[in-house]
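The sequence lines fix the lettering, A, B, ..., with proteins before strands; numbering per chain opens at 1. Please read these numbers as outputs of a predicted model, since none were measured by experiment.
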Number of protein chains: 2
Amino acid sequence: MNVTIKDIAEQARVSYATVSRALNNKYGVDPETRRRVLSVAKELNYRPNAIARGLVSNRSFTLGLILPDVTNPYFPAVAAGIEAGAQERGYSVFLCNTNWDTRRETNYIKLLSERRVDGIIHAPVGNTLNEETEGLLPTVYVSNAPKNARQSSVIIDNIRGGYLATKHLIDCGYESVGFVGVSEHETMANNDRLEGYKTAFRRYGKEIKQDYIKFGDFRQETGYKIIQTMIADRSYPQAIFAENDVLAIGILHGIKDMGLRVPDDIALIGFDDISFSAYQEIQLSTISQPKERMGRLAVDLLIDEIESGDAKAAPRRVILEPELIVRKSSCRSTGSDEELLPRTEAGGSVPG
Amino acid sequence: MNVTIKDIAEQARVSYATVSRALNNKYGVDPETRRRVLSVAKELNYRPNAIARGLVSNRSFTLGLILPDVTNPYFPAVAAGIEAGAQERGYSVFLCNTNWDTRRETNYIKLLSERRVDGIIHAPVGNTLNEETEGLLPTVYVSNAPKNARQSSVIIDNIRGGYLATKHLIDCGYESVGFVGVSEHETMANNDRLEGYKTAFRRYGKEIKQDYIKFGDFRQETGYKIIQTMIADRSYPQAIFAENDVLAIGILHGIKDMGLRVPDDIALIGFDDISFSAYQEIQLSTISQPKERMGRLAVDLLIDEIESGDAKAAPRRVILEPELIVRKSSCRSTGSDEELLPRTEAGGSVPG
DNA sequence: CACGGTTTCGTAAACGTTTACAAATTTTTT
DNA sequence: AAAAAATTTGTAAACGTTTACGAAACCGTG
């Protein structure tokens with residue numbers, strides 16, 4: 001059906017081995033025959049069969065991308081970086097959507113291993129590593145990495161992010177600062193953000209009030225409901241740090257629908273800087289992650305590991321800096337920019 | 001390195017052909033040996049090599065998904081449907097992001113054909129078909145289809161959508177209704193929406209005012225600027241139909257930042273119903289597409305074609321109904337629900 | 001117990017490449 | 001002009017499966 005290397009061989013009156021060498025620019029083929037082979041190939045509109053090639057070379061130039069939810073704007077942003085980077089280096093990527101389900105994660109990893117991908121980029125949901133699949137394939141974790149992962153990862157310093165967010169609110173002068181997080185799917189990223197929150201309290205010698213720490217999931221409605229019951233109960237802080245922007249936007253609406261104002265009655269800061277947070281009507285202060293860059297770094301790391309063959313070399317843990325973005329939901333910038341908290345120690349270095 | 005069918009054969013003391021038959025539940029293998037083979041396979045943690053399998057069967061159980069921009073919330077919504085549907089039927093999908101670039105579209109199609117995908121789902125950018133690649137692979141177009149495409153497609157009735165949006169604004173009693181569209185990347189979908197706009201004017205015997213028809217690209221900022229210059233020029237309609245929600249949201253902010261109110265000073269309706277349009281602070285009226293369902297329909301169509309082998313059978317053109325969603329940016333519902341415009345004739349039928 | 005019919009199994013070829021090795025050809029050296 | 005060296009080419013094996021075909025083993029029947 002499809003035209004193969006043998007068809008070319010016939011037309012060009014050489015053996016198919018020579019055709020293979022000519023097409024792959026291998027050393028040791030006469031320039032004249034190479035020319036002839038290439039011209040025949042073009043004429044027949046030859047497309048090499050990547051599958052056959054993969055079988056013998058044991059390399060598919062294919063990656064898996066496992067993420068919890070394409071529909072959550074955070075992930076497409078990093079996926080864009082991954083796709084672009086992979087494409088530039090000759091790899092194609094399989095899209096795998098887990099719906100925040102760890103069992104689906106496991107299934108996908110097994111599937112990808114059957115498809116003989118050369119590696120996977122994984123934005124995992126849990127905070128513990130999956131012993132059944134760890135090490136099955138070269139992996140780079142992105143945006144969240146399980147505790148004591150034995151693989152490389154590209155994340156931001158979530159503790160620092162949580163610290164920056166909380167510090168900002170404290171610096172604004174708010175007496176009480178609450179925290180709304182997601183517990184349903186505990187991730188290291190989330191744990192760390194809470195940790196950063198606590199650190200800020202410690203630094204400022206303030207006491208944490210458990211009533212002002214709430215947990216839900218990662219949906220807008222949840223944030224909406226949580227804040228509304230807090231307000232209804234007349235037990236709410238002056239400011240809130242929400243663990244991600246989607247939650248924060250829900251909270252924002254919850255506050256307004258209860259007839260209170262942001263930031264005058266309750267100030268608010270989110271995390272992630274999804275594109276909609278910048279919208280005029282929302283103007284959510286937040287902690288920004290370099291999402292696309294994280295994606296690029298992750299593929300580059302992965303492909304480097306694959307191509308250098310030292311997949312088993314010391315895993316690299318790239319930890320990027322989060323950035324405080326002050327919009328209108330918190331307070332005007334305080335200007336105090338002192339680096340009270342040193343950056344969290346990274347196991348590896350941060351490139352470029 | 002990896003455990004193969006031969007390793008199993010050895011352990012189970014049968015030929016590897018028998019192993020293959022046992023693993024694939026083929027007819028003609030003794031229940032006892034099958035049991036033995038399966039148990040050895042499990043014990044050795046065998047994972048079939050999809051690449052080798054693909055080589056001989058000439059089927060990769062792999063699809064390509066080509067879309068213009070993962071970062072635009074419309075596309076992840078349909079991608080989610082596609083991914084889920086494909087996964088359920090045993091297919092994996094390659095993510096291909098074209099950045100609204102037709103040359104990248106062509107390159108991706110060629111690449112996918114080298115990877116021997118069984119078919120592709122394509123949300124194309126142009127309105128003309130690419131003669132170089134058309135027919136190279138079984139294809140289903142989604143969300144936009146080139147004029148006289150020879151392949152199946154799943155789209156909504158964009159003429160009707162444009163009509164519904166415009167009619168809604170006219171019914172609200174606005175004297176003048178403008179149109180803001182994207183011209184940079186002309187698509188059939190966009191052309192049709194404008195067509196629907198014009199149809200509504202014709203039905204109502206109103207005259208179209210060219211000053212109120214503007215074009216830009218598909219970015220928020222563009223909508224923002226377009227409306228601001230209109231307002232600055234003191235030449236703007238009472239209501240605006242924007243060709244997509246991203247544009248509409250830009251317009252929304254543009255209006256507010258000029259000190260005017262929505263809908264009191266200028267009413268607004270968008271198209272697509274991306275998730276953020278529903279946000280409390282935005283409340284954009286819009287025309288909704290069943291995005292996830294479109295994705296599912298598209299994969300199902302594609303896989304049916306692939307598996308039935310009649311890829312060359314008459315292409316099916318599935319045309320779904322758009323739905324008017326009235327929020328707060330236009331006017332209260334008018335209640336007039338008469339079906340003035342018959343649905344656009346479809347070349348095929350709309351399945352259950 | 002011979003025989004035809006089933007059922008189970010193994011051998012071999014095939015899928016489209018890459019690549020080690022050897023053969024053939026050309027070029028260089030003496 | 002022969003020998004040696006270098007270049008170019010072909011043959012064959014390999015990658016891990018599936019599957020057509022035929023051989024072997026088993027079954028029941030007369």
Side-chain angles (χ1 to χ4, degrees), chain A residues 1-38 40-41 44-62 90 110-118 307, chain B residues 1-38 40-41 44-62 90 110-118 307:
Chain A
M1 192 69 210
N2 256 310
V3 21
T4 78
I5 222 178
K6 296 190 182 175
D7 300 323
I8 300 179
E10 206 169 326
Q11 277 259 341
R13 324 215 106 263
V14 285
S15 78
Y16 58 90
T18 305
V19 175
S20 172
R21 281 185 286 252
L23 292 174
N24 292 304
N25 263 309
K26 282 269 165 64
Y27 170 82
V29 22
D30 187 279
E32 163 56 18
T33 47
R34 157 166 299 142
R35 210 195 43 66
R36 191 152 35 98
V37 166
L38 291 190
V40 172
L44 297 187
N45 196 17
Y46 169 74
R47 319 228 118 256
N49 184 325
I51 293 197
R53 185 177 293 190
L55 184 58
V56 28
S57 68
N58 209 22
R59 295 272 279 94
S60 64
F61 288 91
T62 263
K110 290 183 184 169
L111 179 67
L112 290 170
S113 112
E114 294 188 3
R115 293 214 178 278
R116 296 300 191 265
V117 297
D118 294 330
E307 299 192 339
Chain B
M1 192 70 208
N2 256 310
V3 22
T4 78
I5 222 179
K6 297 190 181 175
D7 300 323
I8 300 179
E10 208 167 326
Q11 277 258 339
R13 323 215 107 261
V14 286
S15 78
Y16 59 90
T18 305
V19 174
S20 173
R21 281 185 286 252
L23 291 174
N24 293 305
N25 264 308
K26 284 269 166 61
Y27 171 83
V29 22
D30 186 277
E32 164 56 19
T33 47
R34 158 166 298 144
R35 211 194 44 66
R36 191 151 36 97
V37 167
L38 292 189
V40 172
L44 296 186
N45 197 17
Y46 168 74
R47 319 228 119 256
N49 184 325
I51 293 199
R53 185 178 296 192
L55 183 58
V56 27
S57 67
N58 209 23
R59 296 271 279 96
S60 64
F61 288 91
T62 263
K110 290 182 183 168
L111 178 67
L112 290 170
S113 111
E114 293 189 3
R115 293 214 179 280
R116 297 297 190 267
V117 298
D118 294 330
E307 299 192 341

**Asked** Residues two or more places apart in sequence or in another chain: which of them pass salt bridge (charged side-chain N to carboxylate O under 4.0 Å, His left out) with A:Lys110?
**Response**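 A:Lys110: salt bridge (charged side-chain N to carboxylate O under 4.0 Å, His left out) contacts with A:Glu132.
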Please produce a list of atom pairs where a protein N or O lies less than 3.5 Å from an N or O of nucleotides 6-8 of chain C.
unit_1, atom_1, unit_2, atom_2, d
C:dT7, OP2, B:Tyr27, OH, 3.1

- Task: Rounded off to whole Å, could you give me the CG-to-C1' distance for the B:Leu55 and C:dT18 pair?
- Result: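 Going from B:Leu55 (CG) to C:dT18 (C1'), I get 13 Å.
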| request: Measure from CD1 on B:Ile51 to C1' on D:dA14 and round the result to the nearest Å. | output: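 Checked: the CD1 to C1' distance equals 15 Å.
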_No-H, no-angle donor-acceptor pair, B:Arg21 side chain to C:dG10 base, under 3.5 Å_ =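 Per atom types, the contact qualifies.
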Would you say [X] reaches [N]'s phosphate, i.e. side-chain N/O to OP1/OP2 under 4.0 Å?
{"X": "B:Ser20", "N": "D:dT17", "result": "no"}
{"X": "B:Lys26", "N": "D:dT19", "result": "yes"}
{"X": "B:Asn24", "N": "D:dT18", "result": "yes"}

| field | DNA chain C-proximal residues of residues 9-19 of chain A, any heavy atom under 4.0 Å | value |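 Hits under 4.0 Å, by residue number: A:Tyr16, A:Ala17.
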Only pairs at least two apart or in different chains count here, so list each side-chain hydrogen bond (donor to acceptor under 3.5 Å, both in side chains) that has a residue in residues 4-16 of chain A.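 Sorted pair list: A:Ser15-A:Thr18.
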The side chain to side chain contact (heavy atoms under 4.5 Å, CB included) partners of A:Arg59 (sequence neighbours excluded) come to A:Ser57, A:Phe61, A:Tyr91, A:Asp118, A:Ile306, A:Glu307
Under 4.0 angstrom, heavy atoms only, what part of the nucleic acid is B:Ser57 near: base, sugar-phosphate, or nothing? nothing
Read 5' to 3' with Watson-Crick or G-U pairs under 3.5 Å, [ ] for crossing pairs and | for partners on another strand, DNA chain D gives ||||||||||||||||||||||||||||||
